[in-house]
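Encoded as structure tokens, the structure appears first; notes follow it.
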Amino acid sequence: MDNKMVRLIPCMLIISGLFLAHNHCAAQKNGGFPFELPKTKPNRKLSAAMQRNYDGYPAPRPEENELYSQFKYTELKGFDYHNHDGTVSRRDPSKVIFANGKYYVWYTHRNTPTPPMGALKCNDTIPSSDWDLCEIWYATSTDGFTWKEEGVAIPRPPKPMVGCRSVATADVLLWKGKYYLYYQGFNEPSGMRGDDCPVAMSSADSPDGPWTPLNQVVIPNGAPGEWDQYSIHDPYPLVYKGKIYLYYKSDFDGKPNLVRMQGLAIADNPTGPFKKCELNPVLNSGHETTLFPFKEGIAALTIRDGNEHYTIQYASDGINFNIAAITSFLPDAAGPFIPDAFTNTKYGRGITWGISHFTTVTDWATNHAILTRFDCDLSLDVNDTGMKGAHIYHKPDFYYKMGLSKTQRERIENENKALGIKK
Ligand code: AAL
């Protein structure tokens, strides 16, 4: 190649690059993207983001996305927390159900002489964690804001039965006129290795009990080496396709941190056998389980943890979930009121409220949780525009409270030093 040719090559490359870019970017055939956001996918070249906006979400704007909502919180009346000294805790509420003219909710209840002291300091009366040495209690309400605590539903069974150390994190199923509570049954204090337990179950003819324990594990842990070999948490039954679809979360890996994902186990009867879905985990994110029938499928609040935290997801078959909305301040451990949770609906209507918990009421020394009410519009029957805004404003204080740690401050100082900046 002669010198002239060598000098020409970069010019030719630049010209062809410009030509390609022009073809890609200038929508010369269509004109610019329309000012009014098209309701359906326009027939024109679209960027990846705009394709996703039409293909990936139920509607191109959040206000019209039935699976998008903000969440608003209201303090509940009727629960005493012993001056928030950490000796009384209520957490991990079940779904809310409506029966006998009132709403019912079940939850983990702890009343111990001290706040949780960790696995090394706990004993037969001192709890290791907030959900150690607990019972399942329940409360009723006629308006969803003021609750009457009714007392214990599931006490701890005697040793060596499943749950003899603690029963926690219950959820409810109504199946052929009978009520079933599924819950985590601990036989050793949580925190010894992790938070390990299988799922136990009790049944009753009325939501007021009496509850008869099945006295056996209904959802066993996975085989050694499998993702759910140690923990089956937050058992969450729904009736779907004529069967019991029970979703659960497991904690796994642990190197360096635990990974949390959600799985599904399906049964024809409340006592099982529950067959674990071979595609498990079916949700790659989220901490506690919160799902509800929606249209032909199942929707999930994917609350904390994982790449897809703070999303609302949808699976038209109850198994293969995709992100349907991205939101913020999702309710922790939410137990929604789902009118069609057990009706075997072919077209789920969604949810507008429920009970969740806050675990951040005080500091670690008086660690406990409180129940709260959340409201939202994830319902096909409600159109609450006040829940559909895509912005939430907080005072600077809110952000400053989540400030830098000492280690982060040191790192920043070192970065400044490395630039040669002297104090
Ligand atoms: C919760 C739930 C389960 C865990 C612990 C108590 O938020 O995920 O119930 O075991 O934390």
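Atoms within a ligand are numbered from 1 in the order they appear, just like the ligands themselves.
The residues lining ligand 1, counting any heavy atom closer than 4.0 Å, are R91, D92, W131, T169, Q184, D195, H233, D234, K249, H287, E288.
Applying the side-chain hydrogen bond (donor to acceptor under 3.5 Å, both in side chains) criterion to Y138, with sequence neighbours excluded, gives D208. Legend: residues meeting side-chain contact (heavy atoms from CB on, under 4.5 Å) with T352, ordered by chain and number and at least two apart, are S379, V382. Taking the salt bridge (charged side-chain N to carboxylate O under 4.0 Å, His left out) definition, one finds that D234 meets it with K249, sequence neighbours left out.
Taking the centre and axis of the six-membered ring of F33, the NZ or CZ atom of R44 falls outside the cone set by 45° and 6.0 Å.
Among the candidates T87, L371, V361, the single residue satisfying the side chain to side chain contact (heavy atoms under 4.5 Å, CB included) test with Y81 is L371.
The distance between the ring centers of W227 and Y248 falls below 6.0 angstrom.
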